Structure formats: structure tokens, C-alpha cells
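Just below is one structure, and these are the notes that go with it.
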Amino acid sequence: MYKAVLVLAILVSASLAVHIPLTQRTVSKFEIDAKRSYLQSSEFQDEMEAALRANDEHTLLPIKDYTDTQYVAEVTLGSPPQSFMVVPDTGSSDLWVYSSSCYFSISCYLHNYYKHKRSDTYHKNGKHFRLGYGSGSASGHWSNDDVNFAGLEAEDFRFGEVTSVMGLAFIMGHLDGILGLAFDTISTDNFPTFFEAADIEDRSFSFKLGHVDEDSFLVAPGVDEDLFTGDLQYHDVIEEKYWSLNMTNIKVGGTSMEGASNYKGVIDSGTSLIVGDKKLIDPILKQIGDIDQSCKDLSGHPDVTIVFDSVEYTLTPEDYIVRVKSFLGEACVSGFMSANFASGFPYLIIGDVFMRKYYSHFNMNDKTVGFALANHE
Ligand SMILES: *[C@@H]1O[C@H](CO)[C@@H](O)[C@H](O)[C@H]1NC(C)=O
């Protein structure tokens, strides 16, 4: 009897799961290079040290830079619904969009912006916020309205209306905002995140990131078994801020990288590459060897294996060498990026490069992340 009920429950939840199409933008070599030199600068390190000292809860934000973020999805706010293309970001926990009362920042005019006067379900909050990200910052005030994402609704949900933007980052990105999908421990004032506030029982979602739009989805709630092969392997979240996993080793061409287990692996859909402390990444880059930027000869590079608990996830050169736009057409860059992280920032940020290969199920019900080989068209 129990079994029958369980099967039925799974069938029902499978049929309710919605596929949100993800739209991709091409990252340019210019953006990647700009990000690399920023992450390797001493300014960045100082900024990060300061952020760590000031507020331990938002320490990942200084390294976030949405210029290189590739995937965006639609969210609607208000009644009647106003539409925004936001980054579904498992590496942060607030929702914000541009505001119609943003007058002096060019980027506000280049995106969709929220008009509270046109929404019957708007409620004023008015409290101010400031968010610091990678090479810029955004400030504004909080508001409440009904938010719809993935066919799920959070009524009277608190979100940020951005009224001022500093830094080029936000102008270039083709995004109208960010939808944070990490834990409320790192949301501003620990407010519930969208998935905590939404009217659902199964607080879980999954990503299938493809190389083209038609092949890229966020599935919510739950998973779509047609999008991956084999069983999902689940790993406990070992720290409920980001989706942090127990990274026990990294092997490059069979050689274990010393000290890898001192870092937690953060699965971050809002970062394109795999970004880590130079002490960890530089030896990996050295083992990988120089990558031919013209993409002509990509042979001779080793596989890189990331181990969570005791499960191995292998990226071949084909997986971790990223093709980007450049002045000369296509360029090839390494999917691993080294940064001057502040001491005491023990994370490896594992972004889309990894998630394209491995279908990823983020489960807030039991605080786990599951991976399986993604099916690519
Ligand atoms: C991490 O994984 C290893 C290998 O499975 C295990 O021995 C260790 O206890 C795990 N650590 C945590 C914090 O879960």
C-alpha cells in the first residue's frame, strides 16, 4: 500500500514539474579576461578581506560578477504580470530587478524595469539595501509583490528594486535581475528565499545546462528523468549558506592536488567557470598546460576529476575548455580560473562548466545536491 502511494506521489510530482527554458548568451573573451585580471588583482583581495571582516554571511558576493553569466530565465512580478529575464543563481539568496524609479543609471534604461504603480498586488516596504558584487554594486529599496517563477508562486514576496547601479558589469549583462536560489542564511536580513516562500511541498529544482537554448532548462519542482542518464548521486550540503559539498579530492591526469580537501565545493549556477584560490587552481592550470586560444590543437590535456564524498566527477578537456567569442571569431579558454581569494575563504566555486556535464538537482527538503550525466542533444 505504502509503495503504491509512493509511486503515485512520484508520478504526480513528475507531471507537475515545469520546464523553464533558459536563454543563453555568449560570453566574450574580453569579459573573461577582464574578470581574470580583476580576480587576480590586489584590489580584489583587499575588497574581499574587507567583506570577510565586515560580514561573514555575504562573503561570496565580492567574487560574483554576472557579466560572465550565461543562463537567464523568466520570472514575473505583480498583477498583471511584469516579465523579467533573471539569472537563476544558486550562489546567492535575494531576488532583485531594476526599478522604474531608477533615473540616473544607464543600465536601468537597457533592461526591463518594475513599475509598482502598474501592479494591484504591490506593497510598499521601502527599506534600503545595497548589494556589492564583483566589479560593481547595486542599491535600492525592498518592495513586496506576488512573484511567479517556474509555475510556482510566492505571494507578497520581498524583493529588491534597484534604483542605482555602479560599475560596468550590470550594463553589459543581458539580465534584468538575479533570482537567488541558495539558503536564507545568506539572504539580506535572513528573509525566506523564493523557494522557501513559494507555495510548494517539494522544495527542490534541477538544472540541465546545454550548449544551446533549446537544450537548457530549469526543472521545478524536482527532476525530469529524461534529461539525464543513470541514477542521481546525492551529496549532503555540509554548510547551509551556499550549496557547499564535501570536496575530498581533485585529480588532474591521475595526480591528486594537494590541499584540495581544505576547500568546500560550492555549486553555483550564477558563475560560468570554476573559480578558486590561486593556491589550489594554479597547480591545476600548470598540469593542464597552455590551451591553444585559437582552438586549433586541443589535444594533450589531462582529465580533471573532482571528488565529492567518494564519488568522482570527471571533466575531459572537451568539457572544461570553453569556447568564447573574440575579435577573431572563436577563442578557447580554460574553464578553471585562479583568484586572489582572501585567506579564510575556503571555497571552490564550481559553475556552469561543471553543471553542463552533470545534471544537478538542488534539494532543500533534505539539503542535498544530486548529480547525473546530462543528456545532450
Ligand atoms: C567527506 O567525505 C569523506 C569520504 O567519503 C568522509 O570520510 C568524510 O567524513 C566526509 N566529511 C564530511 C564533513 O561529511
Side-chain angles (χ1 to χ4, degrees), residues 24 27 32 35-36 68-71 90-91 206-212 215-216 227-233 235 243-261 263-278 280-293 295 297-324 331-339 347-362 369-377:
Q24 238 190 331
V27 182
I32 299 267
K35 173 156 184 170
R36 183 179 290 114
D68 75 347
T69 298
Q70 296 188 288
Y71 297 94
T90 60
S206 45
F207 283 89
K208 155 73 190 301
L209 302 182
H211 289 280
V212 292
D215 195 24
S216 307
L227 298 178
F228 58 88
T229 299
D231 292 329
L232 286 158
Q233 301 281 327
H235 303 280
W243 294 88
S244 298
L245 306 184
N246 177 22
M247 186 169 75
T248 51
N249 198 1
I250 297 181
K251 289 187 269 189
V252 186
T255 311
S256 293
M257 295 289 112
E258 212 177 303
S261 63
Y263 298 86
K264 300 179 177 90
V266 169
I267 312 303
D268 184 3
S269 62
T271 291
S272 304
L273 306 182
I274 297 173
V275 184
D277 193 280
K278 60 178 184 303
L280 176 63
I281 297 289
D282 286 354
I284 295 176
L285 292 173
K286 196 163 162 223
Q287 290 277 321
I288 288 175
D290 288 340
I291 287 166
D292 176 15
Q293 294 199 0
C295 308
D297 180 10
L298 299 177
S299 64
H301 300 291
D303 289 354
V304 178
T305 300
I306 299 177
V307 188
F308 296 124
D309 299 313
S310 46
V311 184
E312 302 195 342
Y313 296 93
T314 296
L315 299 175
T316 66
E318 213 164 275
D319 300 322
Y320 69 72
I321 295 174
V322 181
R323 290 165 189 271
V324 295
C332 279
V333 301
S334 173
F336 290 88
M337 190 179 278
S338 154
Y347 302 101
L348 176 68
I349 314 303
I350 301 172
D352 303 342
V353 165
F354 181 88
M355 291 174 66
R356 264 196 290 277
K357 175 139 188 193
Y358 295 103
Y359 184 91
S360 309
H361 180 210
F362 295 83
V369 182
F371 300 115
L373 261 185
N375 292 336
H376 287 287
E377 276 164 14

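Note that the structure is a prediction, hence the values are computed from the model and not measured.
The structure places CG of Leu209 at 4.5 Å from OH of Tyr71, a figure rounded to the nearest 0.5 Å. In this structure, CG in Leu315 is found 9.0 Å from CD1 in Ile288, a value given to the nearest 0.5 Å. For the atom pair OG (Ser244) and CD1 (Ile267), the distance works out to 8.5 Å, reported to the nearest 0.5 Å. A distance of 9.0 Å separates OG in Ser338 from CG in Leu280, rounded to the nearest 0.5 Å. With rounding to the nearest 0.5 Å, the separation of OG1 in Thr271 from CE in Met355 is 10.5 Å. Distance check: Lys251 NZ to Ile284 CD1 gives 13.5 Å after rounding to the nearest 0.5 Å.
Side-chain atoms of Ser261 and Thr248 form no donor-acceptor pair, as typed in the model, at a separation below 3.5 Å.
Using a 30° and 60° split on the angle between ring planes, Phe228 and Tyr359 fall in the tilted class, from 30° to 60°.
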Show, in sequence, the C-alpha distance, side-chain angles and deciding distance for Leu245 and Ile350, and conclude whether the side-chain contact (heavy atoms from CB on, under 4.5 Å) test is met. CA-CA 10 Å; Leu245 306 184; Ile350 301 172; over 6 Å; no

After noting the C-alpha distance and the side-chain angles of Leu285 and Ser334, does the key distance pass the side-chain contact (heavy atoms from CB on, under 4.5 Å) rule? CA-CA 8 Å; Leu285 292 173; Ser334 173; 3.7 Å; yes

Show the numbers, then the answer: is there a side-chain contact (heavy atoms from CB on, under 4.5 Å) between Val333 and Gln293? CA-CA 6 Å; Val333 301; Gln293 294 199 0; 5.8 Å; no

For a side-chain contact (heavy atoms from CB on, under 4.5 Å) check, start with the C-alpha distance between His235 and Asn246, then their side-chain angles and the critical distance, and finish with the verdict. CA-CA 8 Å; His235 303 280; Asn246 177 22; over 6 Å; no

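Phe354 pairs with exactly one of Phe336, Tyr320, Phe371 by the ring-ring contact (aromatic ring centres under 6.0 Å, His included) rule, that one being Phe371.
Listed here is the closest heavy atom pair of Gln24 and Gly210: NE2-O, 3.6 Å. Here the closest heavy-atom approach between residue Ala372 and residue Thr229 is recorded as CB-O, 3.9 Å. Taking both residues in full, the closest heavy atoms of His301 and Gly289 are given as CE1-O, 3.9 Å, listed atom of the first, atom of the second, then distance. What you find for Val212 and Ser216 is that their closest heavy atoms are O-OG, 2.9 Å. Residue Tyr358 comes nearest to Ser360 through the heavy atom pair O-OG, 2.8 Å, listed as atom of the first residue, atom of the second, then distance. Gly276 and Leu348 make their closest contact through CA-CD1, 3.6 Å (heavy atoms, listed as atom of the first residue, atom of the second, distance).
Side-chain contact between Gln287 and Thr255 is present, with at least one heavy-atom pair separated by less than 4.5 Å. Using a 4.5 Å heavy-atom cutoff, the side chains of Cys332 and Leu298 are in contact. Side-chain contact check for Glu312 versus Ile306: every heavy-atom pair is 4.5 Å or farther apart. Taking the side chain as every heavy atom from C-beta outward, Ile274 and Ile349 never approach each other to under 4.5 Å. Residues Lys264 and Met247 have side chains not in contact (no heavy-atom distance under 4.5 Å, counting atoms from C-beta outward).
Salt bridge Lys208/Asp215: present, at least one basic N to carboxylate O contact under 4.0 Å.
Between the side chain of Thr305 and the backbone N or O of Asp303 there is no donor-acceptor pair closer than 3.5 Å. His376 places a side-chain N or O within 3.5 Å of a backbone atom of Arg356 that can act as its donor or acceptor partner. The backbone N or O of Pro283 lies less than 3.5 Å from no partner atom in the side chain of Lys278, so there is not a single donor-acceptor pair. Looking only at distances, a side-chain donor or acceptor of Asp268 sits under 3.5 Å from a matching main-chain atom of Gly91. Looking only at distances, a side-chain donor or acceptor of Thr90 sits under 3.5 Å from a matching main-chain atom of Ser269.
For Tyr313 and Phe308, the gap between ring centers is short of 6.0 Å.
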